[in-house]
Amino acid sequence: MKAISNQVSSRVGLEALAVAVPRRYLAIEDLAVARGVPPAKFTSGLGAREMAVADPGEDTVALAATAASRLLRESDVDPGRIGMVVVGTETGVDHSKAAASYVQGLLGLPKAMRTFDTQHACYGGTAGIMAAADWIASGSARGRAAIVICADIARYGVKTAGEPTQGGGAVAVLVSDTPDLVAFDRGTNGVFATNVHDFWRPLDRREPLVDGHYSIDCYLEAAAGAYRMWRGEAVAAGLVPGEGMASEVLARIAYHVPFCKMAKKAHVHLRKSELEDRGVVLDEAAIAAEEIAAAASFERQVAPGLSLAARIGNTYTASLYFGIASLLHGQAAALAGERIGMFSYGSGCSSEFFSGTVGPNAAAIIARAKLDDVLASRVRIDVAEYERIMALAASEPVAESPASGTFRFTGSDEGRRTYATGA
Ligand code: CAA
């Protein structure tokens with residue numbers, strides 16, 4: 001168990017990680033059949049396989065508290081080290097009271113800390129992580145660490161275009177000055193923001209309004225813009241060479257994944273825009289060669305980070321961090337000491353491209369997240385059960401005992417929400 005040190009470290013990043021997912025899932029082919037859609041549209045067209053289905057008891061706070069308590073328990077974190085708890089979410093449970101304060105109380109964390117939520121659609125979790133990283137890097141943390149939980153339930157509604165891209169889950173990360181999982185490259189982050197209506201959810205709505213195809217264009221423009229800035233800073237800092245494809249120097253790139261195919265679109269676009277930025281003009285033969293190179297580079301650099309997204313679906317703020325978890329779960333030993341790129345996108349929009357180095361003990365650290373066990377404990381449901389759950393009121397949780405080590409929303413008295421945990 002690590003103790004607090006007052007020395008300001010130049011290193012900052014992710015020390016450990018844990019996840020929580022709803023206990024039910026739907027096979028995406030079952031949904032396609034029920035909707036009269038060729039299954040290949042959802043499986044190969046969108047890249048989906050399974051989709052998490054959250055019932056009202058598995059709200060954002062319950063998922064966040066489950067992930068954070070696993071983080072403390074499995075990574076043996078001394079709660080006295082924690083000086084900040086942040087929940088990044090776009091599906092919070094109260095317009096005023098922070099999900100982070102529920103988590104602090106449910107986990108019995110110390111009172112001498114900052115608790116707050118961060119919101120900017122799917123970028124909200126990254127906003128919280130960067131705020132925590134800057135707090136640590138500035139020295140204000142005085143050796144303490146932050147827990148940032150990215151938690152969301154992606155709900156578009158039955159029979160909508162977004163229906164096969166639903167999901168839900170939470171990733172809790174420990175941000176500290178001993179970033180044994182991924183040490184961030186400080187001072188090179190690339191950012192891109194613009195005021196667009198690609199996806200939004202007015203205060204009175206349970207489901208978002210979304211301009212689906214336009215949202216893909218907004219994502220791609222943001223990815224190119226944020227990457228361009230990162231590349232400039234990374235070249236200036238000597239992290240990547242000024243000549244050639246800097247994106248290829250990154251061992252892997254984890255993208256925000258609203259549906260798996262989006263990561264492929266993003267990667268192909270990022271390479272295209274990098275070539276354009278470098279003034280490379282491609283003739284017909286070179287365009288064909290780049291198509292082949294981009295497909296191979298996607299398989300090597302991006303596909304290994306998509307395994308959890310394919311089985312859980314969109315998790316909004318948590319999506320990029322499920323991607324990092326997937327990547328390390330499969331390949332941490334091979335990636336030790338390697339630099340990876342990360343892209344976070346939140347509709348509206350705000351985005352960030354950043355990089356970091358995988359730590360030498362990352363394989364042992366990610367093993368503590370027990371990702372296979374978490375997924376194996378889920379149960380498959382049919383479409384009728386999924387539709388029954390979708391019709392339940394958010395405020396009326398079904399009476400169901402929480403599984404061991406998990407939290408459930410149990411009810412509300414004038415908005416004072418109560419939760420139970422399974423022994
Ligand atoms: N076999 C194989 N593929 C097929 C097929 C078939 N029979 N039929 C269609 N396809 C392919 C299509 O060619 C298409 O692939 P390409 O884009 O590569 O051409 C893919 O399946 C999807 O088909 P459509 O575009 O026709 O699908 P759609 O219009 O019904 O809906 C969507 C797609 C717009 C993504 C919709 O699911 C949606 O609105 N999703 C929510 C919004 C979203 O996720 N936006 C992403 C960017 S915003 C963001 O990232 C923030 C966030 O988390 C929300």
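If you're wondering where the values come from, they're calculated on a predicted model, not measured in any experiment. Counting starts at 1 for both ligands and their atoms, following the listed order.
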Closer than 4.0 angstrom, basic N to acidic O: yes or no for [X] and [Y]?
X	Y	result
E387	R35	yes
E274	R278	no
R252	E338	no
R417	D59	yes

- [ ] Verify the contact flag for atom 15 (O) of ligand 1, where contact means a protein heavy atom under 4.0 Å away.
- [x]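 Yes; the ligand atom in question has protein heavy-atom contact below 4.0 Å.
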- [ ] Check whether any protein heavy atom sits under 4.0 Å from atom 32 (C) of ligand 1.
- [x] no
Task: 4.0 Å heavy-atom contact, E163 with ligand 1 - done: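 The answer is no: ligand 1 sits nowhere under 4.0 Å from a heavy atom of E163.
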Open item on the list: Quick check on the 6.0 Å ring-centre criterion: do Y419 and F409 meet it?
Closed with: yes
Open item on the list: Applying side chain to side chain donor-acceptor pair (under 3.5 Å) as the test, list every pair that has at least one member in residues 340-358; sequence neighbours left out.
Closed with: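 Found Y123-E352, T126-S344, D185-S355, N189-E352, D198-Y345, D198-S347, W230-S355.
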Just to confirm my output: which protein heavy-atom neighbour is closest to [atom], and how far is it?
atom	answer
atom 36 (C) of ligand 1	A161 O, 3.5 Å
atom 25 (O) of ligand 1	H213 CE1, 2.8 Å
atom 50 (O) of ligand 1	P258 CG, 3.1 Å

Would you check the N or O atoms of [X], main chain and side chain alike, for any that come under 3.5 Å of an N or O of ligand 1?
X	result
N314	yes
Y345	no
D198	no
K41	yes

Measuring from [atom], which candidate in [options] has the nearest non-hydrogen atom?
atom	options	value
atom 1 (N) of ligand 1	A40, A32, P38	A40
atom 39 (O) of ligand 1	G212, C349, P164	G212
atom 43 (C) of ligand 1	A154, S215, G45, G47	S215

TODO: Tell me, please, which residues at least two apart from Y25 pass ring-ring contact (aromatic ring centres under 6.0 Å, His included).
DONE: none
- [ ] Run the numbers on T188 and E233 for side chain to side chain donor-acceptor pair (under 3.5 Å), then give the verdict.
- [x] CA-CA 5 Å; T188 59; E233 301 293 346; over 6 Å; no
